[in-house]
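Here is the structure we will look at.
Note: hydrogens, waters and symmetry copies are ignored here, and every other heavy atom, side chains too, is used.
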Amino acid sequence: FRWRGIALDRYEKGTWSKTRLRKPINATQSGDIVYFGRPQPTLEAPEITKMTVFLEPLNTEAVFFTGDLRALEFPGRLAEVMIGKRRTVKRDDHGDVTMSRQGGESSHYNTYVSLRDPPPDALRAAQTAVPPEVGKLYLQLSNELSHKISRVALELTAGLTNSYDKAVAIQKWLHKNFRYTTEMKRETTLDPVEEFLFVRKEGHCEYFAAAMTLLLRFAGVPARTVNGFLGGEWNDFGKYYAIRQQDAHSWVEVFFNVAREGASAPRDRAGTTPRAEPHTWIMFDPTPPSRGAPRIIGWTGRVEEWIDSMRLRWYKWVVEFDLSKQLGFFRDVGNFFRSLFSSTTRTKDGRTIAASPAPRIIVVSLLLGLVVVWFIVKWRRGVLRAPKRKDEGPRVAEKRRVTRIYGDMVTRLARHGVHKRACHTARDFLGFVRLHAAALEPKVREVSLTYEELRFGERPAAPGEIEHIVTIVRTL
């Protein structure tokens, strides 16, 4: 699955950004569920799939989902109201969904999505007319881009009369003629996409997505770049997919004048016949599959899976435990201990008689003893202690370290007034630094490239390489 986060529409000087729309599309709420579309979609429809997301703290308000989102559900709403955490959910014209939440806060929500795209024949038959509001955002092209990109786009789509065949042709061309790599070093002063297409012919997902988006726009097809996550690792203990930062990915969405199956749409004046949704966006992924070695899970990997599943269970059953159940639980515990220390007891016929405290004292002592023994055993086994970094393996520890170094660089740059936005990838932020703090760009470039290669690539760090970027960051 591809978990959609944020769409970007403007490309300028090697950097993607998002046009801020003045009027975001507010969703409608009924109880714990937020609906998108009017009238409210039917969540029991056969094409609707329910997916549960447990999102750890991220520096973004994006709601991640896959497929065509019809509704969001927030369990445990009673507890949120009691502690003053009512959420504001919005959706804009880019298709992005955001949710206000406090910094460092985890989130739990259910998505109701349709995973069914219109069939290829329906996409081929879609009208090619582009609404003005769509063309303004998703056909825009920088005047600084080379006409060579335009010539390639026209050559690849020559003789094709519909948007679907044009998108497929460009995607196949990128799959066939370009290679995926995370080891990126600039060789020219050309625009990054031009260098990718005409010089290097290799790059990571951001280059593939940017190239396909621009080629489609030159061919007259509205398109946008999307950032999110791809895939994940199956956790056999908890029966779920764990998606991490290393699963970050970019792809393309293409505009079509065709309705999705079961999509909510306005009704006619009689209120009986729903009209077709005016348009839809279809995902295309121009990045070829990576041919890296398959991940081998040894006993340490199994332990990591178990720990991760325990963390999720802790969040589900302790952190997010329903408020009424929490109160009932503590009430029962209180009654239990009150009865232990009471000097009287009741018989079956309701009479109250004196009770000896000795049995109760013995029970309490046994319980306390069992708790102490349990903590000692778990501590000796290391279950209650933080896992040692050496158990993670050298590559995992190395990725963690280089991520901390990059985060330190971002913090130091903020002190210079250069702030990294939530939508910025490492490459986007590098372009931003080039525009607003050119004197710092060489140092930021060296740290960023090393960060990308070591965190997302397969090669280990060379001797002294990490210490070198640490020295650079300290000079910022």
Side-chain angles (χ1 to χ4, degrees), residues 2 4 6-19 94-95 128 130-131 133-158 160 162-181 184 186-228 249-256 281-288 423-432 434-435:
R2 288 169 177 81
R4 190 187 192 282
I6 184 172
L8 306 170
D9 65 287
R10 180 181 295 276
Y11 181 82
E12 189 173 7
K13 296 182 179 180
T15 302
W16 284 98
S17 61
K18 176 179 178 177
T19 301
H94 296 292
T128 56
V130 179
E133 65 274 13
V134 173
K136 180 180 179 181
L137 290 174
Y138 306 113
L139 286 176
Q140 58 179 316
L141 291 163
S142 171
N143 294 328
E144 298 179 356
L145 291 172
S146 169
H147 292 293
K148 293 173 65 178
I149 302 178
S150 176
R151 287 197 296 270
V152 171
L154 296 177
E155 290 173 2
L156 292 173
T157 59
L160 303 178
N162 62 80
S163 299
Y164 180 78
D165 287 336
K166 292 179 181 179
V168 170
I170 293 173
Q171 179 178 257
K172 287 183 177 179
W173 181 71
L174 289 169
H175 281 179
K176 181 179 179 181
N177 297 282
F178 294 80
R179 189 177 72 90
Y180 178 84
T181 182
M184 299 298 300
R186 294 297 305 272
E187 298 180 359
T188 71
T189 58
L190 294 172
D191 177 90
V193 173
E194 293 179 38
E195 182 179 290
F196 167 71
L197 288 174
F198 306 116
V199 181
R200 291 186 57 86
K201 298 186 181 296
E202 62 180 11
H204 50 68
C205 57
E206 294 177 33
Y207 284 89
F208 283 90
M212 182 171 181
T213 301
L214 296 180
L215 288 168
L216 282 168
R217 291 184 179 185
F218 273 115
V221 179
R224 61 195 182 196
T225 294
V226 176
N227 291 340
H249 191 56
S250 297
W251 58 91
V252 179
E253 288 181 347
V254 181
F255 172 87
F256 289 92
W281 291 85
I282 302 298
M283 184 278 301
F284 288 83
D285 195 341
T287 304
C423 64
H424 279 158
T425 62
R427 277 312 161 96
D428 292 337
F429 186 51
L430 179 58
F432 185 80
R434 185 186 305 118
L435 291 175

Review point. Within a radius of less than 6.0 Å around NZ of Lys136, do more than 12 heavy atoms belonging to other residues, nucleotides or ligands occur?
Key: no
Study note, to complete from the structure: Rounding to 0.5 Å, atoms CZ (Phe255) and CG (Leu139) come to a distance of 9.5 Å
Practice item. Could you go through the side chain to side chain contact (heavy atoms under 4.5 Å, CB included) check for Ser163 and Phe256 one step at a time? Key: CA-CA 7 Å; Ser163 299; Phe256 289 92; 3.8 Å; yes
Practice item. Please tell me if the side chains of Glu194 and Lys148 come closer than 4.5 Å, counting only heavy atoms from C-beta onward. Key: no
**Study point:** Min side-chain heavy-atom separation Phe198-Ile149 under 4.5 Å
**Key:** yes
Exercise for review: Please round to the nearest 0.5 Å and tell me the distance separating atom NE2 of His204 and atom CZ of Phe196.
Suggested key: 9.5 Å
Check your understanding: Would you call Thr213 and Trp16 a side-chain contact if the rule is heavy atoms closer than 4.5 Å?
Key -> yes
Review point. Are any non-hydrogen side-chain atoms of Pro288 and Phe178 less than 4.5 angstrom apart?
Key: no
Check your understanding: What pairs with Glu253 under side chain to side chain donor-acceptor pair (under 3.5 Å), at least two apart in sequence or on another chain?
Key -> Arg4, Arg224
**Study point:** Separation between OG of Ser150 and CG of Leu141, rounded to the nearest 0.5 Å
**Key:** 8.5 Å
Exercise for review: Taking the six-membered ring for Trp and the full ring for Phe, Tyr or His, determine whether the centres of Trp251 and Phe208 are under 6.0 Å apart.
Suggested key: no
Check your understanding: Can you tell if the side chain of Asp9 reaches within under 4.5 Å of the side chain of Gln140, non-hydrogen atoms only?
Key -> yes
Exercise for review: Give a yes or no answer on whether the side chain of Lys166 reaches the backbone of Asn162 with a donor-acceptor pair at less than 3.5 Å.
Suggested key: no
Practice item. Write down the atom of Ala211, the atom of Val193, and the distance for their closest heavy-atom approach. Key: CA-CG1, 3.9 Å
Exercise for review: Grab the two heavy atoms, one from Val134 and one from Pro222, that are nearest each other, plus how far apart they are.
Suggested key: CG1-CB, 3.9 Å
Review point. Does Leu197 reach the side chain of Leu174, with side-chain heavy atoms less than 4.5 Å apart?
Key: yes
Exercise for review: Please report the closest heavy-atom contact between Ala153 and Ala219, naming both atoms and the distance.
Suggested key: CB-N, 4.2 Å
Point to revise | Separation between CG of Leu214 and OG of Ser146, rounded to the nearest 0.5 Å | key: 11.5 Å
Review point. Excluding sequence neighbours, so at least two apart, what forms side chain to side chain donor-acceptor pair (under 3.5 Å) with Thr188?
Key: Glu195
Review point. What's the shortest heavy-atom distance between Ala167 and Leu216, and which atoms?
Key: CA-CD2, 3.8 Å
**Study point:** Straight-line distance of Asn177 CG to Lys172 NZ, nearest 0.5 Å
**Key:** 13.0 Å
Practice item. Quick one: do His94 and Tyr138 satisfy side chain to side chain contact (heavy atoms under 4.5 Å, CB included)? Show the steps, please. Key: CA-CA 10 Å; His94 296 292; Tyr138 306 113; 2.7 Å; yes
Revision key, fill the gap. The reported gap from OG in Ser250 to CD in Glu206 (rounded to nearest 0.5 angstrom) is 4.5 Å
Exercise for review: State, to 0.1 Å, how close Leu137 and Arg217 come at their nearest heavy-atom pair, and which atoms those are.
Suggested key: O-NH2, 3.8 Å
**Study point:** Positive for side chain to side chain donor-acceptor pair (under 3.5 Å) with Asp285, one of Gln171, His175, His249
**Key:** His249
Check your understanding: Given Ile170, which of Asp165, Leu160, Val152, Leu215 fulfils the side chain to side chain contact (heavy atoms under 4.5 Å, CB included) condition?
Key -> Leu215
Point to revise | Non-hydrogen side-chain atoms of Thr225 and Tyr11 separated by less than 4.5 Å | key: no
